[in-house]
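Only one structure is covered here, and it is reproduced in the block below.
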Amino acid sequence: MESESEPYVRLASLRQLHQVMADMNTARSLADTLQTVADGVVAALGYELACVNLVRPDGDLVVAAFAGNPAAEALITGRVGSRESWERRLGMGEHWGDLVFIPHTEGWVLDDDDVPQWYTDGPAPRFEDEWHPADRLFAPMYAPGPQGNAACGELIGVLSVDRPRNGRRPGAWGREALQMYAFQAAIAISNARLRANMQRALVRLEREQQALRASEESFRQAFEYAPSGMAIAEMGGDQHGRILRTNDALCRLLGRPASAMRRYSFSDLVHPEDIGTLLRTSAEGGRAELRLGRRDGTYVWVSLRNSVVADAADGPRFLLTHVEDIEERKRRELQLAHRASHDSLTGLPNSAELRSRLSARLCQRASSPHAAVESVDAAYGHPAFDVVGPGFDFRQGAEPLDAYDHHVHTIAPDGDGDHDDGTKGLAVLFCDLDGFKSINDRFGHNAGDAVLIEVARRLSNGVRDGDTVARLGGDEFVILADGLGRADAQDLAVRLRNEIIQPIRAEGRAVRVGASFGIGWAHCGMTADEVLKSADERMYVEKRSRPKQHRRAG
């Protein structure tokens, strides 16, 4: 282009420059754009060599594209020059607008810096504006600033050009053309970078979406096909705890369809005695063992384990609950607890359980507020084995209440014999069978066991709900009956004796045993052993006071 007389530039040259700029803006990639920029300098601006030095993220400049000399291209492409060296170059020489021209008379000081460069030999200039092989011409490229002002933009690279085809330093037209070209090249490179970043972001987003879809599908399959129950519930807000989704295993466990489960929260399904356990369970990492209601009205023991799942970074949070069926384990635990606290033959509470229940109603001398011990049955909250007394709560997970603050003192009715002052107390009836040893001796232990089982049944049927019938050992039984006066206790002993003396079928024959009852009264200040000893002594007094022939019915 410089070979033409300025300002008379041929239209063909302008068309060529326009085409080069169009090619820069339509290149398919950043690498293609950079190479198009270098090629355009050679094709449209009249230089034999062109180099594109691109600013890297660390600030240094790398030779990103080269045009005009394959040997020089192979020598310096990919090499890096420090930002400090480049700023030194752009700060010296002659400034032609945005261009920087460093004549050969000054450029020798740059021969040893780290900017990649090539060397060409040639004769010394013969006239003033002739191009010297050691002359350097740079066109900085700035990202467009506000209102398209390149001077306010950030440096994105430097165009380095050499060997004008006409052998002369560029004139006014050539300088302006190179400056405008650098401006357009900066726009094309910035747009190519944006497109490249956008393409990388789209690829990354697509990969993340694919990974998310794969993760969601994995979670869905793990949730739906988990062998144990799973549920997702709302967390926070007015609908906190409402079940949003359940898997098939939980629906089968509770016998409820998924559509029906969405009408409930776990607080609607939990056993009334376990609601406190549920409320005390932490939402994050909480775990509890409680009972959930089935559709048929029964309850199943489950283990709940909670974790919090966020829908998005700042989105709503949900509660993921894992529900494991522990009914069989709980049944075994209850069976073991029952065996430990109950007589294996009759199924009645044994001696240890009797003392535990009796101690729970007494204020012991010089004891701590928590001296009373809960029964093993009550610890598991089984309705058939609960003892309910003032000052104690034997529900699942409950702690014994303070014996001094809440205990209702047990006192014995005053008076002896038939006198009854109306005071109600805890009666302890000690029962010893009369004639039982002779049955064992005459008919064998199987017959004796059958008698004990039947006596236990008759005693249990003859007391109120809430009273305790226990087998102390051998043929001795004890009844704990709270809220009785003296006359009530004596009437109860008579009724139970009358039930016991009725014939009993044992080993194919009818046998009869008698019973002696001693009535003791529990009151605070006594130990369980003292109460039992008192009743035992009264039983022997009663046994000795009756004629031998009346102690049993044959």
Side-chain angles (χ1 to χ4, degrees), residues 341-343 346-363 372 374-375 377-378 383-392 394 407-433 452 455-473 475-501 515-543:
S341 60
H342 286 70
D343 174 51
T346 63
L348 296 177
N350 59 19
S351 175
E353 177 67 8
L354 170 66
R355 285 174 167 79
S356 175
R357 297 189 183 192
L358 183 53
S359 296
R361 282 293 278 126
L362 300 173
C363 290
E374 296 182 40
S375 71
D377 294 318
F385 311 132
D386 281 354
V387 181
V388 179
F392 284 83
F394 287 114
H407 186 75
V408 177
H409 290 275
T410 300
I411 60 176
D414 291 334
D416 295 316
D418 296 331
H419 176 71
D420 194 339
D421 64 351
T423 304
K424 305 295 184 181
L426 175 60
V428 181
L429 282 68
F430 199 108
C431 173
D432 182 79
L433 299 184
L452 292 175
V455 168
R457 186 189 68 80
R458 293 180 182 183
L459 289 174
S460 297
N461 290 339
V463 299
R464 304 164 302 174
D465 292 340
D467 291 344
T468 294
V469 177
R471 183 186 177 195
L472 194 60
D475 60 349
E476 295 178 334
F477 298 85
V478 174
I479 297 95
L480 304 181
D482 204 357
L484 298 184
R486 286 193 175 274
D488 298 328
Q490 292 167 356
D491 289 343
L492 176 61
V494 171
R495 286 190 291 103
L496 294 178
R497 181 185 296 115
N498 290 337
E499 288 293 325
I500 291 174
I501 64 176
S516 297
F517 282 85
I519 303 174
W521 296 93
H523 59 81
C524 292
M526 298 178 67
T527 66
D529 286 337
E530 289 173 342
V531 175
L532 293 175
K533 182 179 179 182
S534 172
D536 186 24
E537 291 174 348
R538 292 176 181 270
M539 183 273 299
Y540 277 106
V541 170
E542 195 269 346
K543 184 186 289 283

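Sequential numbering from 1 along the given sequence is applied to the chain's residues. Side chains are part of it too, since the values below use all heavy atoms of this structure and drop only hydrogens, waters and symmetry mates.
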Looking at S460 and A456, would you say the former's side chain and the latter's main chain have a donor-acceptor pair under 3.5 Å? yes

Derivation and outcome, side-chain contact (heavy atoms from CB on, under 4.5 Å), residues D488 and L492: CA-CA 6 Å; D488 298 328; L492 176 61; over 6 Å; no

Please step through side-chain contact (heavy atoms from CB on, under 4.5 Å) for the pair L480 and V428, ending with a clear verdict. CA-CA 5 Å; L480 304 181; V428 181; 3.8 Å; yes

How close do I519 and A493 get, counting heavy atoms only, and between which atoms? CD1-CB, 4.2 Å

Taking atom CG of L496 and atom CD1 of I501, what is their separation to the nearest 0.5 Å? 11.5 Å

Between V531 and R361, is there a side-chain heavy-atom distance shorter than 4.5 Å? no

Verify, without hydrogens or angle tests, whether R497 (side chain) and C431 (backbone) share a donor-acceptor contact under 3.5 angstrom. no

Can you measure from CG (L354) to CD1 (I479) and round to the nearest 0.5 angstrom? 10.0 Å

Determine, stepwise, if the pair E353 / T468 fulfils side-chain contact (heavy atoms from CB on, under 4.5 Å). CA-CA 10 Å; E353 177 67 8; T468 294; over 6 Å; no

Locate the shortest heavy-atom distance separating I500 from A515; write the atom from each residue and the value. CD1-CB, 3.8 Å

Which pair of heavy atoms, one from A528 and one from S359, lies closest together, and at what distance? CB-OG, 3.6 Å

CH2 (W521) and CE (M526) are apart, to the nearest 0.5 Å, by 12.5 Å

Nearest heavy-atom contact between A489 and A427 is CB-CB, 4.0 Å

Closest non-hydrogen atom pair between S516 and K543, with its separation: OG-NZ, 3.4 Å

Would you indicate whether the side-chain heavy atoms of D536 and D432 approach each other to under 4.5 Å? no

Rounded to the nearest 0.5 Å, how far does OG1 of T346 lie from CZ of R471? 6.0 Å

Output the distance between atom CD (Q490) and atom CG (L429), rounded to the nearest 0.5 Å. 10.0 Å

Please name the residue in the list N350, D529, T527 that meets the side chain to side chain donor-acceptor pair (under 3.5 Å) test with R355. D529

State, to 0.1 Å, how close A481 and D467 come at their nearest heavy-atom pair, and which atoms those are. CA-OD1, 3.5 Å

To the nearest 0.5 Å, tell me how far E476 CD sits from L532 CG. 10.0 Å

For the pair R538 and E542, find out whether any cationic side-chain nitrogen is under 4.0 Å from an anionic carboxylate oxygen. no

Please assess F477 against L433 for the test side-chain contact (heavy atoms from CB on, under 4.5 Å), listing each intermediate value before the final yes or no. CA-CA 8 Å; F477 298 85; L433 299 184; 4.1 Å; yes

